[in-house]
Amino acid sequence: MWEDFKKFALKGNVLDLAVAVVIGAAFGKIVTSLVEDIIMPGVGILLGGFSVEDLTYTFNGAELRYGAFTQSVIDFFIIAFSIFMVIRLFTRMKREKDVPAEEEPEVLDKKEELLVEIRDLLSKEKTGQ
């Protein structure tokens with residue numbers, strides 16, 4: 001059982017997935033900080049000190065903090081858009097890398113040109129033209 005687990009855990013896909021999760025978590029923290037520390041305070045300044053996160057509704061002593069939920073939804077959309085843009089950038093770079101360079105037309109020397117002409121003449125003779 002231990003050997004099977006080692007084979008599974010050390011497969012390339014599992015290690016790639018682990019690295020992706022760690023990098024994704026770090027990237028998520030960066031984007032969350034960007035949203036909480038830069039974007040939303042900027043929006044608050046533009047709206048005259050308004051903060052979405054402080055929105056609440058009180059009913060019979062119970063406080064519904066729908067502003068915090070709204071802030072989480074905004075964070076999600078900004079994080080999702082950021083990840084989309086990074087993946088799009090990597091996809092575009094990979095696509096450009098995979099496109100083969102255009103081959104330059106082959107320049108024939110005199111001997112090769114003569115051989116091509118002979119081949120063409122022989123093929124015309126065989127077809128009866």
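Quantities reported herein were computed from a predicted structural model and do not represent experimental measurements.
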Residues T58, L64; criterion side-chain contact (heavy atoms from CB on, under 4.5 Å); working and verdict: CA-CA 6 Å; T58 305; L64 296 168; over 6 Å; no
D109 vs E112, side-chain contact (heavy atoms from CB on, under 4.5 Å): CA-CA, chis, key distance, verdict: CA-CA 5 Å; D109 63 1; E112 291 172 333; 3.1 Å; yes
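Clustering of Ile, Leu, Val, Met, Phe, Trp and Tyr by side-chain heavy atoms under 4.5 Å joins M85 with F81, F84. When hydrophobic residues (I, L, V, M, F, W, Y) are linked wherever their side-chain heavy atoms come within less than 4.5 Å, the members clustered with F69 are V73, F76, F77.
Annotation: side chain to side chain donor-acceptor pair (under 3.5 Å) contacts involving residues 63-72, sequence neighbours excluded, comprise Q71-D75. The list of side chain to side chain donor-acceptor pair (under 3.5 Å) pairs with a residue in residues 37-47, not counting sequence neighbours, reads S33-D37.
For R119, the side chain to side chain contact (heavy atoms under 4.5 Å, CB included) test picks out V116, with sequence neighbours left out. Take I87 and apply the side chain to side chain contact (heavy atoms under 4.5 Å, CB included) test, not counting sequence neighbours, and it matches I83, T91.
Note on L114: it does not cluster hydrophobically with L122, by side-chain heavy-atom contacts below 4.5 Å among ILVMFWY residues. Follow the hydrophobic side-chain contacts under 4.5 Å out from L46 and you never reach I38; the two are in separate clusters.
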